[in-house]
Each structure stands twice: as C-alpha cells, then as structure tokens.
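In this text the structure is predicted, and so the values were computed from the model without any measurement. Atoms within a ligand are numbered from 1 in the order they appear, just like the ligands themselves.
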Amino acid sequence: MKVTLSVIKADIGSIGGHIAPSRRLMETVRSHVHRHGEGLLIDSAISHTGDDVAILMTHTRGPGDVEIHRLAWDSFRMGTAVAREEGLYGAGQDLLKDAFTGNVHGLGPAVAELEFEERPGESFLFFAADKTDPGAYNLPLFLGFCDPMNTPGLMLAPQMSQGFRFVIMDVAHTGGDRVIELEAPDALYDIAALLRDTERYVVESVWSRATGEQAAAVSTSRLHNIAGKYTGKDDPVMLVRVQRDFPATGEILAPYSIGPFVAGCMRGSHQMPLMPVRLNAGISYFDGPPVISCAAYSMREGRLTEALDAFAHPFWDTVRDRVASKAMDMRRQGFFGAAMLPMAELEYTGIVEKLRALEDRFHVRANHR
Ligand code: F6R
Ligand code: MG
Ligand code: MG
C-alpha cells in the first residue's frame, strides 16, 4: 500500500514568551484535525516541541495535497484564534500570509513529506527542533547516512553499501528552489563542503541508491525569505525512515549525542548547542537551548502506533547534562565572537542601524606617523 506521511508545523503562540503552547490551543488544533480529517486522513498525531505545534498525518493523497495542507492551515488558524483569546505571546507568528493558496509552502508553516510503498514493519522517526533552523540537521544526516564510524550498516548491510543520494537546497536563493543532487560516498567531500555552511545549504531529502526509495525529508523553509525580514527561527521538522535498506534507528539517533552548536536561541541571534529533549518539552535557559525531540513510530496500512519517545532513555540525561555545560560555557562569552550569529543571520536588525549611525562618526586621521 502506498502511504504519504505529512508533517506540518507552526509556531502560533505560546505561554510566557516562546516557551510552549497552551493546553487549550493544542486541544483546538487536535479536535479540528480529528473532525475535518475524517475521510481524508488515515491517522494523525498532534504534538509540540518548545513553542511549535506539529500535525503528523498519514494518508494516500501524495505530497503537497491541497486538502491535506488546507486542513493543517485551517487547524493553525483555529489555534491562532484561541492564542489571541488567551493573550498568548506571538499569536499566529508563523502564519505569514492571510489567505491559503493551495499548499502551505511559502505561507510560513514548515513541511516535510514522504511517500512510499509501506514495508512490513514500516518504522520511521519524526524529529522536531525549536529555536534553530534547518541547517541543524546537516551534521546528523551527514554522519547518519555517510559515515561508517557512526553507521556501521554502511559496511555491514549489503543493501546500504551503495550509499545514499543527497538533495541539497541553496536556501539563500529566493527565486525558486535551487537544488543540487550529490551521491555518497563518491561525492563525500563535495557534500561536506556544502553542509558545513548551515545557513545557506540545507539537506532537503536523502534517497537510497540501491532502491531509489526516499529515506528522509526535511523542512527547508526560511521564514525571513518569505516575510522579507526575520520573524522567528525556522524550527525545522524532519521524517526519517529507518531499518532494512536505511540506517538503523540507533545510527540515526547517535549523532545527537554530540550536541553541536547551531544557530538559534535568545532573540534568534546566537550559537548554542542542540539539546535532545523529551516529547512535548518546553523552552527555558536563555530562550533555549535549541532543542530537538524525536518520536519513533511503526505503522500498518497507514495506522500509527503510539509514539515512543526516543530521547527519554536515561542515556540522554548524560547528554543533556553535557549540553547544558556547553551552553553555559558559551554564554560566559556573552556577545563576543562565535557566541553570536553573523550580521546577516541576526533576528534583530537594530544593531545594523546602530552601526550605520556610528559610520558617520568615524574619521580618517590626516597624518600618519
Ligand atoms: C522560535 C522563536 C525565536 C524567536 C526569537 C525572538 O520559536 O521563538 O526564534 O523568534 O527568540 O523572539 P522575540 O523577539 O519575541 O523575543
Ligand atoms: Mg517562537
Ligand atoms: Mg519555535
């Protein structure tokens, strides 16, 4: 059976700043999806990571389907109305356009979709990150799909030994999707050369070379490219199919023990380490740290099992402690050097005006000694 997995997420308002949505907001989104998804969806699951609400849906209508996207858009609109009623902070923040125009691409919400012939025991991971942008997945995907030090399956499993094809997007290009396809392991160094620049080049999808099947889909929206200015970090979602022709669950999860520095956190303008957290976690220290959650699922004919919380295991408590120390170390240097993002990635542009005003006060000394 051919199934589509669609996850659409948006930040539509949260309690006490950018922490987490209210219970009533979540219930409103959930009940709208249930009521209006009848006859359209096979199954759905609503969750939040930090202040972002995600609607995970299974159906048979293929990626980019108008009705599926409309359902998510309308659910977020309903949730936004509640956010306004309750006085939540940033109500409707990610709904950047007023009218629905066929699908949510370019309207603000983030989307990741996968269509596949369901395997027996089909298993996948749903990742959601808050207070960061899609480049946060570059390193974990590189290690998970390219590096035998992380993924022994590349050596041990014959069906993986041909490697994987990466579709990488240039997210700085605003006149349409500018993409490149590169295959690992042949083009490993080219892939690495692009993926090191997380603000510009972002993995959009990963495909098995052996079967042509899609393994991963990442949301690539950059909100500031849509709005023309920074309106918040992009807080990307990702779907990854695991086992058999694809890396094992543990091979995909392992790179998150690194806690790599990513863009995000306070005022969307800092570099902070990415912390793996439990499902439905909120945000705290320094409007962060940037967090990532992972729900593991299996499915049968599009019906989802309950979500298993992949980062709830005690192992990740040690990782969280290490990431917290790393975060505090970085914060010790405040605004200095690598702690803050480069000018073009700052969410607040007030500093640009400040520097412009100071420009006039510079002068070149007449006499050199
Ligand atoms: C992402 C997010 C942040 C904020 C940023 C600035 O979910 O909430 O990227 O957009 O922290 O927020 P303000 O300007 O409201 O403090
Ligand atoms: Mg927010
Ligand atoms: Mg968010």
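The minimum distance between the Mg ion (ligand 3) and any N, O or S atom of D130 involves atom OD1. Shortest distance from the Mg ion (ligand 2) to D11 is reached at OD2 (N/O/S atoms only). Minimum-distance N/O/S atom of D52 relative to the Mg ion (ligand 3): OD2. H18 contributes ND1 as its N, O or S atom closest to the Mg ion (ligand 2).
The contact set between ligand 1 and Y348, taken as ligand atoms under 4.0 Å from a residue heavy atom, comprises 13 (P), 14 (O), 16 (O). Less than 4.0 angstrom separates some heavy atom of D51 from each of these atoms of ligand 1: 7 (O), 8 (O). Of all atoms in ligand 1, listed by their number and element, those nearer than 4.0 Å to a heavy atom of Y89 are 13 (P), 15 (O). With ligand atoms numbered from 1 in the order given, ligand 1 contributes 1 (C), 7 (O) to contacts under 4.0 Å with heavy atoms of D235. The distance from ligand 1 to the heavy atoms of G268 drops below 4.0 Å at these ligand atoms: 5 (C), 11 (O).
When hydrogens are left out, the protein atom nearest atom 2 (C) of ligand 1 is K131 NZ, 3.6 Å; that is the closest non-hydrogen contact. Taking atom 8 (O) of ligand 1 as the reference point, the nearest protein heavy-atom neighbour is H18 ND1, 2.6 Å.
Crowding of R24 atom CZ: a count of heavy atoms from other residues, nucleotides or ligands under 6.0 Å exceeding 12. The local environment of CE in M149 is sparse, with at most 12 non-hydrogen atoms from other residues, nucleotides or ligands closer than 6.0 Å.
Closest of all the heavy-atom pairs between G50 and D130 is CA-OD2, 3.4 Å. Pairing each heavy atom of M57 with each of A72, the nearest pair is CE-CB, 4.3 Å.
Test S219, S205, S6 against E113 for side chain to side chain donor-acceptor pair (under 3.5 Å) and you get one pass: S6.
Looking at D130 next to ligand 1, an N or O pair under 3.5 Å apart turns up.
For the pair R241 and F116, the cation-pi criterion (under 6.0 Å, within 45° of the ring axis) is fulfilled. Cation-pi geometry between R331 and F286 is met: under 6.0 angstrom from the ring centre, within 45 degrees of the axis.
Proximity of the aromatic rings of F246 and F145 is defined here by a centroid distance below 6.0 angstrom, and this criterion is not met.
Using bins of under 30°, 30° to 60° and over 60° for the plane-to-plane angle, the ring pair Y89/H18 lands in the perpendicular bin.
D51 lies close to the Mg ion (ligand 3), since one of its N, O or S atoms is found at a distance under 2.8 Å. Inclusion of D235 in the first shell of the Mg ion (ligand 3) is supported: an N, O or S atom falls under 2.8 Å.
Atom 4 (C) of ligand 1 has its nearest heavy-atom neighbour, among K233, Q93, E347, in E347.
Remark: side-chain polar atoms of S298 are not paired, donor with acceptor, to backbone N or O of G121 under 3.5 angstrom.
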